[in-house]
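Have a look at the structure below, then the notes.
Chain identifiers are assigned alphabetically (A, B, ...) following the order of the sequence lines, protein sequences preceding nucleic acid strands; residue numbering begins at 1 within each chain.
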Amino acid sequence: MKIATWNVNSLKVRLPHVLDWLAAEQPDVLGLQETKLTDENFPADAIREAGFQVTFAGQKTYNGVALISKQPAADIVTDLAELDDPSRRILGATFGDTRVLNLYVVNGQEVGSEKYQHKLHWLRKVTAHIGKELQRHRRFVVMGDFNIAPEDRDVHDPAAWHEKILCSTPERDALHQMLSLGLTDTFRLFDQEDGLFSWWDYRAAGFRRNLGLRIDLILASAVLAQACARCWIDKAPRKLERPSDHTPVVAEFAP
DNA sequence: ATGGTGGCGCGGCCA
């Protein structure tokens, strides 16, 4: 089972990249973030014509999440009882015997800001939900744009980013709280080269200079972490013309 | 150089 996550930063603009990537990689599940489309404008037909199923929770201009899959999605969740949030950042679904939660975590803008406090609150509520999901589903994956670099080795210049947004200790603690429920960052199950990132700022030629952060993650429950054979970052789409600022992260699990 | 680019949508917000 091949599971992937990709913040596309507008699916309207990135649809050709996504269709090409689906055709080449044939994932079982691809979670998208920042689709930035209302549901009536979602390009469901193009994705279905490519041989995939799709479910989505969109809004205008901001946010928006989707799950593209080989199998149909069951038990779809877009809103949590714990969280009164109109922004479309959450999409949970079951594919066969595997439960998937696709997240576009709040960015937080700046440490100490109102948006930052909201990010920490949002993470606490989502973590409470994940705790309950882990009780129900042995095969459980949480993936998405976490807007948190887990450790300094996930940051191109840890000194420059020290206690900055995406890297601050409270954000990392919040991620650790989520992991401590019984999830594993599948990327770190394997030996990886240094300097592998999933997001590069559009500004200052960030990608060319590899000024990146690893903030897109695939977390797996114990059973799935055991079955994980590989996790990698596919940099190819970031090299295309008019790319997203993020690139796909992929994990492969034994059946 | 406290900037820069990109998406949305047409001014300013968000990332």
Side-chain angles (χ1 to χ4, degrees), chain A residues 5-21 30-43 46-47 56-66 83 85-91 102-123 126 143-150 154-168 170-172 174-175 197-217 233 235-249:
Chain A
T5 179
W6 191 2
N7 179 325
V8 290
N9 185 22
S10 167
L11 184 57
K12 185 181 170 185
V13 174
R14 237 63 71 184
L15 181 62
H17 292 185
V18 171
L19 292 174
D20 286 350
W21 196 84
L30 169 61
L32 302 180
Q33 305 87 34
E34 285 205 271
T35 56
K36 298 187 175 179
L37 287 168
T38 55
D39 288 350
E40 59 267 28
N41 290 319
F42 193 93
I47 290 165
F56 41 88
Q59 71 184 84
K60 204 166 98 167
T61 313
Y62 302 116
N63 310 314
V65 283
L83 195 63
D85 183 8
S87 59
R88 302 294 80 188
R89 299 175 172 277
I90 294 171
L91 188 55
N102 179 26
L103 299 179
Y104 174 46
V105 174
V106 174
N107 175 284
Q109 200 162 55
E110 190 181 350
V111 173
S113 67
E114 250 178 66
K115 291 192 172 87
Y116 179 77
Q117 294 306 330
H118 174 62
K119 179 181 196 171
L120 297 177
H121 171 80
W122 192 94
L123 283 164
V126 171
M143 62 155 141
D145 176 358
F146 282 74
N147 271 316
I148 301 170
D154 301 309
V155 180
H156 70 92
D157 185 346
W161 283 84
H162 181 70
E163 296 300 340
K164 295 285 198 298
I165 195 68
L166 316 184
C167 300
S168 73
E171 289 167 271
R172 286 176 171 172
L175 177 62
F197 310 118
S198 65
W199 168 81
W200 301 261
D201 200 308
Y202 284 123
R203 296 167 288 188
F207 183 65
R208 185 178 58 73
R209 300 159 65 199
N210 199 29
L211 308 180
L213 271 65
R214 191 176 69 91
I215 57 178
D216 300 273
L217 311 176
I233 294 168
K235 273 174 81 167
R238 189 64 173 81
K239 299 173 185 172
L240 298 172
E241 208 170 308
R242 227 181 156 191
S244 170
D245 46 352
H246 298 249
T247 209
V249 179

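If you measure from atom NE2 of A:H246 to atom C1' of B:dC14, you get 12 Å, rounded to the nearest angstrom. Atom CD of A:E171 and atom P of B:dA15 are 13 Å apart (whole Å). Distance CZ (A:R242) to P (B:dC8): 7 Å, rounded to an integer number of Å. The distance from atom CD of A:E34 to atom P of B:dC8 is 10 Å, rounded to the nearest whole Å. Between A:N9 atom CG and B:dC8 atom P there is a gap of 8 Å when expressed in whole angstrom units. Look at CD on A:Q33: it is 20 Å from P on B:dC14, rounded to the nearest Å. Counting to the nearest Å, the C1' atom of B:dA15 and the CZ atom of A:F146 are 18 Å from each other. Across the protein-nucleic acid pair, A:Y62 atom OH and B:dG9 atom P stand 9 Å apart, rounded to whole Å.
Interatomic distance, A:L166 CG to A:D154 CG, rounded to the nearest 0.5 Å: 12.0 Å. With rounding to the nearest 0.5 Å, the separation of OG1 in A:T247 from CZ in A:F197 is 13.5 Å.
Positionally, the nearest nucleotide of DNA chain B for A:L11 lies more toward the 5' end than for the other of A:L11 and A:W199. Between A:V106 and A:P243, the residue anchored nearer the 5' end of DNA chain B, judged by the nucleotide with its closest heavy atom, is A:P243.
A:S113 places a side-chain N or O within 3.5 Å of a backbone atom of A:G108 that can act as its donor or acceptor partner. When atom types are taken as modelled, the side chain of A:R208 and the backbone of A:G206 share no donor-acceptor pair closer than 3.5 angstrom.
Rounded to whole Å, the separation between the C1' atoms of B:dG3 and B:dG9 comes to 24 Å. For the C1' atoms, the distance linking B:dC14 with B:dG4 amounts to 16 Å, nearest Å.
In the set B:dC8, B:dG9, B:dG6, B:dG6 carries the atom at the smallest distance from any side-chain atom of A:Y202. When distances run from any side-chain atom of A:R203 to the nucleotides B:dG7, B:dC14, B:dT5, the shortest one goes to B:dT5. Nearest nucleotide to the side chain of A:K36, out of B:dG7, B:dG9, B:dA15: B:dG7.
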Take A:T5 and A:Q33 through the test side-chain hydrogen bond (donor to acceptor under 3.5 Å, both in side chains) and record every step on the way to the result.
-> CA-CA 8 Å; A:T5 179; A:Q33 305 87 34; 2.9 Å; yes
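For the pair A:T61 and B:dC14, the criterion of a side-chain N or O lying under 4.0 Å from OP1 or OP2 is not met. The phosphate of B:dC14 has OP1 or OP2 within less than 4.0 Å of a side-chain N or O from A:K115.
At a threshold of 4.0 angstrom between heavy atoms, the contacts of A:F207 with the nucleic acid are absent.
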